[in-house]
Protein chains: 2
Amino acid sequence: MSLNAREEILATAKLVAQAHGYAGLNFRDLAEQVGIKAASIYYYFPSKADLAAAVAKRYWEDSAAYLDGLLRDSASPLDALRQYPKTFRWALENDNRICLCSFMSAQFDDVPEAVRVEVQTFADVNIEWLKKTIIAAKVATPRQADKRARAIYSGIVGAQLVARSRNDIALYDGLIESYRSTGLLPA
Amino acid sequence: MSLNAREEILATAKLVAQAHGYAGLNFRDLAEQVGIKAASIYYYFPSKADLAAAVAKRYWEDSAAYLDGLLRDSASPLDALRQYPKTFRWALENDNRICLCSFMSAQFDDVPEAVRVEVQTFADVNIEWLKKTIIAAKVATPRQADKRARAIYSGIVGAQLVARSRNDIALYDGLIESYRSTGLLPA
DNA sequence: ACCTGAACACCGTTCAAGT
DNA sequence: ACCTGAACACCGTTCAAGT
């Protein structure tokens, strides 16, 4: 069970950031959850910016690994594409959290550059995966795939945010369904 | 030029909240921008929650008034619908800000209930307007209009957030264009 | 009515110093 | 290597006092 302190800090900070964002990520509460003192976090991460950047980096790495597995293990690219909205549903299932990167995108003005880079990489990873999966599934032509991938990503990001504002997962499901019936997502 | 202090506080707080959210709204900086002292704000608003609720209320009231005018003054409901994405573009044009209600939706866990109510009313106002305009424009049947209105709203919210994360208005325009070509928005 | 200085309790951040 | 006490800066809020 017990991971090393650094891993526990990363895992806990991720959950905090998904619920309270960068500004809401505070070292005293975080340290208490991990079972150390706030100052001890600075042994592992030289600053809040470094911690947040490490959290966001781990976040997109995990996402990239999951998406690769999803595409590999699905019956077809179209099937993988149909599963994609679930990855954003999990955060909502987890106490109405949202994507760490959506939260930090909102807080763009207050997030250090080193964190922004990792946040943007999360979006890049997702859009690239959508793009190649869309092409493989013949949902769009290679020419249209980039724009389509971006539209799907931003649509899902919006649906997750709107669902959070009502603490209502059914609302998320309904929005995804609407995206399917209007043609943004494949049926 | 010079409004009364209460109005100046409201107007300034709106801009701060669109850039830094509820957590980033602090009385000392706000007061400095208005040209008074932090303690003076309490003469007009008994607490931060009251100020934020007043700001959010004014925000949806202004939005409702604008949308009513847009529908009234447009050549057709379809034309009004085509103009709708511009209302979310303005925030981005204004130093990469976003909708106050999107920001506070992200901060759901940390926003007082009185503020949440006003934030939700903004979404309600927008969705209701979209719904009736969609019906009038025959973009969707009355039966489908509610789901379609919600999908359009969340799609645009997501596009605005994604564009902010790159400080790139052209990205917003591209996403809206994709929503049109995939069928979420009318062409 | 309208505004402020000064203070309070609290909290996030930092770093020199401990083991 | 790993951790912390203590100081610092800042914030929301209060209130007696000023005009």
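So that the names make sense, note that chain A is the first sequence line, chain B the second, and so on, each numbered from 1.
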Which pairs would a plain distance check flag for residues 147-157 of chain B, meaning a side-chain donor or acceptor within less than 3.5 Å of a matching protein atom at least two apart in sequence or in another chain?
unit_1: Lys147(B); atom_1: NZ; unit_2: Glu177(A); atom_2: OE2; d: 2.9
unit_1: Arg148(B); atom_1: NE; unit_2: Leu184(B); atom_2: O; d: 2.9
unit_1: Arg148(B); atom_1: NH2; unit_2: Gly183(B); atom_2: O; d: 3.0
unit_1: Arg148(B); atom_1: NH2; unit_2: Leu184(B); atom_2: O; d: 3.0
unit_1: Arg150(B); atom_1: NE; unit_2: Asp146(B); atom_2: OD2; d: 2.9
unit_1: Ser154(B); atom_1: OG; unit_2: Tyr179(A); atom_2: OH; d: 2.6
unit_1: Ser154(B); atom_1: OG; unit_2: Ala151(B); atom_2: O; d: 3.4

Q) So how far is it from Leu81(B) CG to Trp129(B) CH2, rounded to the nearest 0.5 Å? A) 5.5 Å

Q: Apply salt bridge (charged side-chain N to carboxylate O under 4.0 Å, His left out) to Asp173(A) and list each qualifying residue two or more places apart in sequence or on a separate chain.
A: Arg89(A)

Q) Expressed in whole Å, how much space separates the C1' atoms belonging to dA9(D) and dC10(C)? A) 12 Å

Q. Nearest heavy-atom pair of Ala54(A) and Phe45(A): which atoms, and what distance?
A. CB-CE2, 3.8 Å

Where do N or O atoms of nucleotides 9-13 of chain D meet protein N or O atoms at under 3.5 Å, pair by pair?
unit_1: dG12(D); atom_1: OP1; unit_2: Leu25(B); atom_2: O; d: 3.1
unit_1: dG12(D); atom_1: OP2; unit_2: Phe27(B); atom_2: N; d: 2.9
unit_1: dG12(D); atom_1: N7; unit_2: Arg28(B); atom_2: NH1; d: 3.3
unit_1: dG12(D); atom_1: O6; unit_2: Arg28(B); atom_2: NH2; d: 3.2
unit_1: dT13(D); atom_1: OP2; unit_2: Tyr42(B); atom_2: OH; d: 2.6
unit_1: dT13(D); atom_1: OP2; unit_2: Lys48(B); atom_2: N; d: 3.0
unit_1: dT13(D); atom_1: O5'; unit_2: Tyr42(B); atom_2: OH; d: 3.1

Q.
Within the 3.5 Å criterion, strictly below it, is a donor on Asp50(A) or Tyr44(A) matched to an acceptor on the partner's side chain?
A. no

Enumerate all atom pairs, one protein N or O and one N or O from nucleotides 16-19 of chain D, separated by less than 3.5 Å.
none

Q) Could you give all pairs that pass the salt bridge (charged side-chain N to carboxylate O under 4.0 Å, His left out) test and reach residues 154-168 of chain B, with sequence neighbours left out? A) Asp109(A)-Arg164(B), Asp124(A)-Arg166(B)

Q | Check: Tyr42(A) ring centroid to Phe27(A) ring centroid under 6.0 Å | A | yes

Q: Considering just the side-chain nitrogens and oxygens of Ser40(A), establish if one lies under 4.0 Å of OP1 or OP2 belonging to dC2(D).
A: no

Q) In terms of the angle between their ring planes, are Tyr66(A) and Trp90(A) parallel, tilted or perpendicular, with boundaries placed at 30° and 60°? A) perpendicular

Q: Considering only NZ, NE, NH1 and NH2 on the basic side and carboxylate oxygens on the acidic side, decide whether Glu61(B) and Lys57(B) come within less than 4.0 Å.
A: yes

(Q) With rounding to the closest Å, how many angstrom separate the P atoms on dC2(C) and dA17(D)? (A) 22 Å

Q: Verify the contact: side-chain N or O of Tyr43(B) to OP1 or OP2 of dC3(C), cut-off strictly under 4.0 Å; return yes or no.
A: no

Q | Tyr44(B) OH to dT4(C) C1', straight-line distance once rounded to whole Å | A | 13 Å

Q: Compute the ring centroids of Phe103(B) and Tyr22(B), then answer whether they are less than 6.0 Å apart.
A: no

Q. What pattern of brackets, bars and dots sums up DNA chain D from 5' to 3', given Watson-Crick or G-U wobble pairs under 3.5 Å, [ ] for crossing pairs and | for another strand?
A. ||.|||||...|||||.||

Q | CG-OG1 distance between Leu67(A) and Thr87(A), expressed to the nearest 0.5 angstrom | A | 6.0 Å

Q. For the pair made of CZ in Arg6(B) and P in dC3(C), what is the distance, rounded to whole Å?
A. 13 Å

Q: Could you state the atom-to-atom distance from CD1 of Ile41(B) to P of dC15(D) in whole Å?
A: 18 Å

Q: Please report, rounded to the nearest Å, how far the P atom of dT4(D) is from the CD atom of Glu32(A).
A: 13 Å

